[in-house]
Protein chains: 2
Amino acid sequence: MKATVPVTVAGLKTACSQCNLVELCLPFGMSENELDRLDELVGARRKIKRQQNLYRAGDPFEAIYAIRAGSFKTDVLLEDGREQVTGFQMTGEILGLDGISTELHSCNAIALEDSEVCVIAYAKLEELSREVEGLQHQFHKVMSREIVRDHGVMMLLGSMRAEERLAAFLLNMSQRFTARGFSAAEFHLRMTREEIGSYLGLKLETVSRAFSRFQDEGFVAVQQKHIRILDSAGLKRLIQHQPCGR
Amino acid sequence: MKATVPVTVAGLKTACSQCNLVELCLPFGMSENELDRLDELVGARRKIKRQQNLYRAGDPFEAIYAIRAGSFKTDVLLEDGREQVTGFQMTGEILGLDGISTELHSCNAIALEDSEVCVIAYAKLEELSREVEGLQHQFHKVMSREIVRDHGVMMLLGSMRAEERLAAFLLNMSQRFTARGFSAAEFHLRMTREEIGSYLGLKLETVSRAFSRFQDEGFVAVQQKHIRILDSAGLKRLIQHQPCGR
DNA sequence: GGCTACCGTTGATCCACGTCAAACACACAA
DNA sequence: TTGTGTGTTTGACGTGGATCAACGGTAGCC
């Protein structure tokens, strides 16, 4: 399929084998031979502007997406307009797995900044993963990891207090930035307080107050979306010692 | 479909092709030929007594499990003892998918009643699903469905009020009993109020009060764990019209 | 059949977080 | 520069669900 796309320099750039996100993404753990075959898989790239949808709930499912640059949120909407953010995704992470089950996407994926994704035709992925064991295995791991992550979010939402949730969120972001070679202590959040709140099951005012409290306590320095973590051990302590409340 | 496969008594007992749960379980959508091959896959069965663990967080992951009889809960524990129930599973549903990502189970699976599962060696499943397209596809659907389900739970936990959560829970249970040929209106819950509460992010007293309220309003008749749904439309209405609260 | 432990219900009170409201900060356009 | 809009912070107040406590029902077990 990639051969059918008129390719030049742009085409070259899509090669997974050349991508520095390999170790975060689908190709992780694959041998060089396998990686070469993988390059067949990734067709086009697609640029998504800030605030635009990569896909919407109800869209027919045809492909999954690997984030090459930028970041996204996924959310589900209730008919009465309530929004639940189900996740924030960064480079190297995979979007669209929700669509496999019904062949329709079940949530919305929206770019938090101008972003770019690699389009992975799903039919082709299934085909290739029947031949390439490493790909099959890694794909299963990616899906399973999403399930485990979701269970962690349930823990957050079901059993933790507001400040614990925010602390867990910040530590998680920090860890993911680290994995991408950025500072663990200082980063820029691409989402609003309202989006954080929706993800954490809190109102934006509560998120804002928790940020202020963390700042007062010396855990973090907050300047709008710019976060500096001053005492990550303190944040970790916060998570375990609080009585629940729910 | 069933009639065409001649099997010995011993074979009968494990054969997926003979199982009346086929249309709820992994084999769904597979052709007859494919089903025959599937019978290679399901090794032993295992009986689990009420309150016993099928597996625990931290156990090495080797197999996934299809519930043949009975029901389970899965939960994750925080170090300080807080429990979050991440799901309730019934016959035909698959347990253990969380283990693929790290090759360790990340949650506990506990039988809510004396139960029996089919043990599906994971290595064998990967192998066979490289050969049997229908199995591969169905397996992916099962994983994806779990992800979608989890997003629904996040919606519950993050954006719904106590009574909405319980209404959604009851409707979900009803729908799943229906899919298994049981009454949609009358069923027996195998879990305690505390477990329901943990799943829904509520305290057991709140669950109990919500049940009482539903009974007062004529939505359901509750007698301990025995539930009769009198007005499912009313429950559905409850879910959409309430202002949020969080 | 009666004991005992667990489970469920209900009431009174409390508090974490939601709601409402006002002010501020920053970005971008005219 | 001023305006306009979106996002953030902070305060005052209200409330849904947690907590604490007492009691009643049911099931498992001698």
Side-chain angles (χ1 to χ4, degrees), chain A residues 50-51 73 82-85 110 112-114 156-167 169 188-216 220-227 238 241-246, chain B residues 49-52 73 82-85 110 112-114 156-167 169-170 188-217 220-227 238 241-246:
Chain A
R50 188 176 126 85
Q51 300 286 36
K73 70 168 176 181
R82 279 179 278 180
E83 177 197 32
Q84 176 67 35
V85 171
I110 297 144
L112 294 174
E113 59 194 307
D114 294 356
L156 269 192
L157 292 171
S159 306
M160 289 167 75
R161 305 158 45 79
E163 292 190 2
E164 295 179 283
R165 296 184 203 185
L166 187 65
F169 170 75
H188 193 83
L189 297 175
R190 319 297 326 199
M191 68 293 287
T192 67
R193 299 288 189 262
E194 185 167 20
E195 287 164 332
I196 297 172
S198 171
Y199 181 62
L200 298 177
L202 303 168
K203 289 289 155 188
L204 68 94
E205 294 94 330
T206 306
V207 174
S208 178
R209 277 187 249 267
F211 268 125
S212 300
R213 188 91 117 63
F214 285 176
Q215 179 148 269
D216 295 347
V220 297
V222 183
Q223 201 164 22
Q224 306 281 121
K225 296 190 148 98
H226 191 87
I227 307 291
L238 240 174
H241 296 313
Q242 219 93 336
C244 169
R246 145 158 353 181
Chain B
K49 284 229 159 288
R50 187 176 125 85
Q51 301 286 34
Q52 284 191 334
K73 71 169 176 180
R82 280 180 278 181
E83 176 197 32
Q84 176 68 34
V85 171
I110 298 143
L112 294 174
E113 59 193 308
D114 293 357
L156 268 193
L157 292 171
S159 306
M160 288 166 75
R161 306 160 42 80
E163 293 191 0
E164 296 180 282
R165 295 184 204 187
L166 187 65
F169 170 75
L170 288 175
H188 194 84
L189 296 176
R190 320 294 332 195
M191 67 294 286
T192 66
R193 299 287 189 262
E194 185 167 22
E195 287 164 332
I196 297 172
S198 171
Y199 180 61
L200 299 178
L202 303 167
K203 289 290 156 189
L204 67 94
E205 294 95 328
T206 305
V207 173
S208 178
R209 277 187 246 269
F211 269 125
S212 301
R213 189 93 115 63
F214 285 176
Q215 179 149 267
D216 294 348
E217 312 264 330
V220 298
V222 184
Q223 200 164 22
Q224 304 284 121
K225 295 190 151 94
H226 190 87
I227 306 291
L238 240 174
H241 297 313
Q242 220 92 334
C244 168
R246 143 155 354 174

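So that the names make sense, note that chain A is the first sequence line, chain B the second, and so on, each numbered from 1.
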*For B/Gln215, enumerate each residue passing the side chain to side chain contact (heavy atoms under 4.5 Å, CB included) test, keeping only those at least two apart in sequence or located in another chain.*
B/Ala221, B/Val222
*With sequence neighbours left out, what residues match B/Thr192 under side chain to side chain contact (heavy atoms under 4.5 Å, CB included)?*
B/Glu194, B/Glu195, B/Lys225
*Return the value, rounded to whole Å, for the distance between atom CD of B/Glu195 and atom C1' of C/dG8.*
13 Å
_Rounded distance (Å) that lies between atom P of C/dG18 and atom CZ of B/Arg161_ = 12 Å
*Any side-chain heavy atom of A/Arg193 sitting closer than 4.5 Å to one from A/Phe211?*
yes
*Send over the distance from B/Lys203 NZ to D/dA21 P, rounded to a whole Å.*
15 Å
*For B/Glu113 and D/dG28, give me the distance from atom CD to atom C1', rounded to whole Å.*
17 Å
_Which residues pass the side chain to side chain donor-acceptor pair (under 3.5 Å) test with B/Gln52, not counting sequence neighbours?_
none
*Starting from the first five and the last five pairs of the helix from C/dG1-D/dC30 to C/dA30-D/dT1, work out the angle between the resulting helix axes, to 10 degrees.*
40°
*asked:* Can you measure A/Met160 atom CE to C/dC17 atom C1' for me and round it to whole angstrom units?
replied: 16 Å
*side chain to side chain contact (heavy atoms under 4.5 Å, CB included) with B/Glu205: which residues, sequence neighbours excluded?*
B/Lys203, B/Arg209
_Could you work out, with side chain to side chain donor-acceptor pair (under 3.5 Å) as the rule, every residue matching B/His188, not counting sequence neighbours?_
none
*Is A/Arg165 reaching over with its side chain to a backbone N or O of A/Ser159, donor-acceptor style, under 3.5 angstrom?*
no
*Output all residues satisfying side chain to side chain contact (heavy atoms under 4.5 Å, CB included) with B/Arg50, sequence neighbours left out; order by chain, then residue number.*
B/Asp114
_Rounded distance (Å) that lies between atom P of C/dA16 and atom CG of B/Leu202_ = 18 Å
*Whole-Å distance separating the NE2 atom of A/His188 from the P atom of C/dC26*: 13 Å
*Which residue, B/Arg50 or A/Ala162, contacts DNA chain C at a nucleotide closer to its 5' end, judged by nearest heavy atom?*
B/Arg50
*A/Lys225 NZ to D/dG7 C1': how many Å, rounded?*
6 Å
*Of all residues at least two apart in sequence or in a different chain, which pass the side chain to side chain donor-acceptor pair (under 3.5 Å) check with B/Arg190?*
B/Glu113
Show each protein N/O and nucleotides 9-12 of chain C N/O combination with a separation under 3.5 Å, one pair to a line.
| unit_1 | atom_1 | unit_2 | atom_2 | d |
| --- | --- | --- | --- | --- |
| C/dT9 | OP1 | B/Arg193 | NH2 | 3.4 |
| C/dT9 | OP2 | B/Arg193 | NE | 2.9 |
| C/dT9 | OP2 | B/Ser208 | OG | 2.8 |
| C/dT9 | O5' | B/Ser208 | OG | 3.2 |
| C/dT10 | OP2 | B/Ser212 | OG | 2.4 |
| C/dG11 | N7 | B/Arg209 | NH1 | 2.8 |
| C/dG11 | O6 | B/Arg209 | NH2 | 3.1 |
| C/dA12 | N6 | B/Arg209 | NH2 | 3.4 |

